[in-house]
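Written out below as structure tokens is the structure these notes cover.
In what follows, every heavy atom counts, from backbone to side chain, and hydrogens, waters and symmetry copies are set aside. The residues of the chain are indexed from 1 along the displayed sequence. What you see is a predicted model, and the numbers here were worked out from it, not measured in a lab.
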Amino acid sequence: MGAFFSFTCGHFGTGGGLGAEIGKPASQNIYIGVKDGDRSSNEPLQCLPFYRDGSRNSAADFLVEQAGPGEQHVKPNVVAIPADEIQRDYAWATDRWKAGEIELSIYTPFSGIPDPKIATADELRDALLPGVTAELVIDNSTGTKTKTACFAIGFDTPGIRLIDSGLPGACGFALHDKLGFAAKLVENEPLLAVQRWDIAESLRDPNPIHQLGTCAGFAFEVPPGERRTLRIAIGCYLDGIVTTRIQGRYFYTRCFSSLTDVLNFALADDHFVEHRTVARQKDRELIASGLSAEQQFLIAHGTRSYYGSTQLLDVAGEPFWVVNEGEYCMMNTLDLSIDHVFWELKHNPWVIQNLLDNFIRHYSYVDEIKLDPRDAKRRAPGGISFSHDMGAHNNFSARGTSSYELAHLKGCFSFMTQEQLCNWILLAACYVAKTGDTHWLRQNRHIIDACAASMRARANPQTGLMTHDSDRCEEGWEITTYDSLDESLGQARANTYLAVKCWASWIGLEMMADLVAFEGNGVAGEHARRLNEENYAEKIANHLISSVGTNGVLPAVLEPENPGYQSRILPTIEALIYPFYWLDFLAPKHRTKLQKWMKHPLVAMLSRHTRELLNDPQRRNLFEDNGIKLSSTSDNSWM
């Protein structure tokens, strides 16, 4: 958590391994397997299929005519265990593989990250360990002859070294001082460290360590009638400044002094057992959820992918939270931050305050609006909004800009000014409702007021719908965050998905104003009264209800000449989640207005709209396999 680091395996024949700051699986070969006989045996090494076939034999690069190391003339003696002989149990925090006498368990427990401003050093050390633990069990209890097992990684770059000090009772290897792994046998039996180009040959060679080798790991023998358990720690340590413009270093460097410190901590008996215990508790929690096996798989995968993409930075002594957007590595994409808000508020609410504050401080801007979408020169004051993201690939963008948004476009990569404004408002409302942090709300009342003014400037005063594009688009126009779909979700202006999001944002503004006004703040009370009098949420709701077709379905875009007018979209209902969520946390005295909104005819209309789409005899919002289509006119499927 917070280390932008992962250990990846599981897709057969493609490798994986240790990846730091890459936004994708690593490209190393992982050799986890056994062979019959002792170390000197010529039997093939049978491995889980976490490696690529046809790996280059780098020993030959050093040779012309001389014989050289034995592996030059030996065909790779590694055989992949067939897929039908492998069992996998992919739980929430344990990934367990079983094949014959081999059992591999990888532990990735998670919990709340304590607020670095108040947490103790020990709490942060537990939470921010930049590593993963694993256990490799070789069960030869029913065997009649010795087995030799290995755990090794074939790196795709040179620079591997044996960690020859600082690991009491364990063996380890590092790629320079940034990535590494270490292991020890629970039974305190000797562990053989190996480093050559070819893993099978290295087990037999009288010189198991050759510093030029790129494949490194550990081997151990298991006598007949016995079993052995190898505990493994896999970690990273990136010291110094890792980001540009806003210079940050990893917060875990406050808690750990080196890669060796990380590996030692992960392998310590008490920590390893606790790590495994927490993982198994999480596994049981997901199993007890009642979700289907497929849903549990998606949750388990999503949790790992999410945390593997996170960074907790130390910027000038202050914590700075970053979530990278998958393979694109865009930093704190705001339209994903609002999707993550429920998870973050459950596990570590301080992260949302950190995110809100950093968007205000570094990635807010004030624009003008275009009064006529056909004439970019006719403009009026707009207001505050927020960038799509904060940068990409560890490079923070300039203040008030993103890595994504460009002018002069009418599709992907255009600006999302209205929607990102809504996202910040909704983030704030979720944070305040869940935490009751009215102190933060009072401190930022001027920002909340500015957001309301900006919402007002962009809306049609009669319908409440977003009507004016940001001048940052120049001749282009704003899009929604469903950026790779067609016109049904591409254009922001008059889009019903975004209209309901604006409706929820107005309700959130009203809720936050009421919370502060209730404390006796006269200025806030006046602000609350103005919101109630203007009632933009009611205007939006009434206009949407009046726009429903005879079949009970809302058009995607409320412009009859727009191709999106014929589209039927399910995301129209997405923003209903926010007021529904707030109701869970507000005190009874603050719930009345929200309860009224959730009983509004708009909600019933959106229910009919959704049922019509899902039960459509023409199946326009379903794929052939019954998967849900977000838009009836787009085949783009987002899980």
The single option from Tyr404, Phe359, Trp424 that satisfies ring pair (Phe, Tyr, Trp, His ring centres under 6.0 Å) with His388 is Tyr404
Note: Leu594 and Leu586 closest approach over all heavy atoms is CD1-CD1, 3.3 Å
(Q) salt bridge (Lys or Arg N to Asp or Glu O under 4.0 Å) for Asp269 and Arg231? Distances and angles first, verdict last. (A) CA-CA 10 Å; Asp269 289 344; Arg231 286 183 175 172; 3.4 Å; yes
In terms of the angle between their ring planes, are Trp97 and Phe50 parallel, tilted or perpendicular, with boundaries placed at 30° and 60°?
perpendicular
Inset, instruction - For the residue pair Phe151 and Phe218, categorise the inter-ring angle as parallel (less than 30°), tilted (30 to 60°) or perpendicular (more than 60°). - result: parallel
CD of Glu612 to OG of Ser607, rounded to nearest 0.5 Å, is 10.5 Å
| query | With a cut-off of 6.0 Å (strictly less than), are more than 12 heavy atoms of other residues, nucleotides or ligands near CZ of Phe342? | reply | yes
Open item on the list: Between Thr435 and Asp437 (side chain of the first, backbone of the second, donor and acceptor by atom type, cut-off under 3.5 Å), is there such a pair?
Closed with: yes
* To do: List the steps, then state whether side-chain hydrogen bond (donor to acceptor under 3.5 Å, both in side chains) holds for Tyr51 with Gln28.
  => CA-CA 7 Å; Tyr51 63 93; Gln28 301 138 19; over 6 Å; no
Less than 6.0 Å separating the ring centroids of His340 and Trp343?
no
Heavy-atom closest pair (Leu129 atom, Ala266 atom, distance to 0.1 Å) is CD2-CB, 4.0 Å
Rounding to 0.5 Å, atoms CG (Asn140) and OG1 (Thr146) come to a distance of 7.0 Å
Practice item. Go through the side-chain N and O atoms of Asn423 and Glu419 and say whether any donor and acceptor fall under 3.5 Å apart. Key: no
Interatomic distance, CD1@Ile199 vs SG@Cys215, rounded to 0.5 Å, equals 4.5 Å
Check for me whether the distance between the ring centres of Tyr237 and Phe256 falls short of 6.0 Å. no
Taking C-beta and beyond as the side chain, do Val194 and Leu203 meet within less than 4.5 Å on heavy atoms?
-> yes
Between Ala433 and Met511 the two heavy atoms that sit nearest each other are CB-CE, 4.2 Å
Side-chain heavy atoms of Val323 within contact of Tyr306, under 4.5 Å:
yes
Going by heavy atoms in the side chains, are Leu312 and Tyr250 under 4.5 Å from each other?
no
Using the six-membered ring wherever Trp is involved, compare the ring planes of Trp597 and His600 and label them parallel, tilted or perpendicular (cut-offs 30° and 60°). parallel
What one should report as the nearest heavy-atom pair of Cys430 and Leu345 is O-CD1, 3.4 Å
* Asked: Between Arg611 and Arg608, is any pair of side-chain heavy atoms under 4.5 Å apart?
  -> no
To the nearest 0.5 Å, atom CG of Leu263 lies from atom CZ of Phe181 at 10.0 Å
Apply salt bridge (Lys or Arg N to Asp or Glu O under 4.0 Å) to Arg276 and Glu274, showing your working.
CA-CA 5 Å; Arg276 182 180 62 191; Glu274 175 67 15; over 6 Å; no
Enclosure of Ile628 CD1 (heavy-atom neighbours >12, cutoff 6.0 Å): no
Strictly below 4.0 Å, N to O, side chains only: are Arg304 and Asp95 in salt-bridge contact?
no
Residues Asp357 and Trp440: closest non-hydrogen pair is OD1-NE1, 2.9 Å
side-chain contact (heavy atoms from CB on, under 4.5 Å) with Phe7: of Ile232, Leu179, Thr133, Leu18, only one passes, and it is Leu18
In Lys147, Arg228, Arg227, Lys98, the residue satisfying salt bridge (Lys or Arg N to Asp or Glu O under 4.0 Å) with Asp139 is Arg227
Between Glu624 and Arg619, the two heavy atoms sitting closest are O-NH2, 3.9 Å
Of Val262, Ile234, Thr253, Leu238, the one forming a side-chain contact (heavy atoms from CB on, under 4.5 Å) with Pro130 is Val262
Is the backbone of Leu286 close enough, under 3.5 Å, to the side chain of Ser289 for a donor and an acceptor to pair up by distance?
yes
The residue among Leu191, Leu192, Thr148 that forms side-chain contact (heavy atoms from CB on, under 4.5 Å) with Phe220 is Leu191
So His301 and Phe297, would you call those rings parallel, tilted or perpendicular, with 30° and 60° as cut-offs? perpendicular
Exercise. Measure centre to centre between the rings of Tyr431 and Trp350, then say whether the value is under 6.0 Å.
Key: no
- For salt bridge (Lys or Arg N to Asp or Glu O under 4.0 Å), just list the numbers for Asp283 and Arg96, CA-CA rounded to whole Å, side-chain angles, deciding distance to a tenth of an Å, and then say yes or no. CA-CA 11 Å; Asp283 298 342; Arg96 181 173 291 107; 5.5 Å; no
d(Trp321 CH2, Gln311 CD) to nearest 0.5 Å is 9.5 Å
Crowded around His347 NE2? As in, over 12 foreign heavy atoms under 6.0 Å? yes
- Could you label the plane-to-plane angle of the Phe265 and His271 rings as parallel, tilted or perpendicular, counting under 30° as parallel and over 60° as perpendicular? tilted
Do Leu489 and Ile569 have side chains that get closer than 4.5 Å, going by heavy atoms? yes
Q.
Is it the case that the side chain of Asn394 and the backbone of Val242 share a donor-acceptor pair, with hydrogens and angles ignored and the cut-off at 3.5 Å?
A. yes
### Message
I'd like to know if the side chain of Thr333 pairs up with that of Glu325 as donor and acceptor (distance under 3.5 Å, no hydrogens or angles considered).
### Response
yes
Quiz item: Just by modelled atom types, is the Lys117 backbone N or O under 3.5 Å from a matching donor or acceptor in the Asp115 side chain?
Solution: yes
Distance col, row Trp92:CH2 vs Thr94:OG1, nearest 0.5 angstrom, shows 12.5 Å
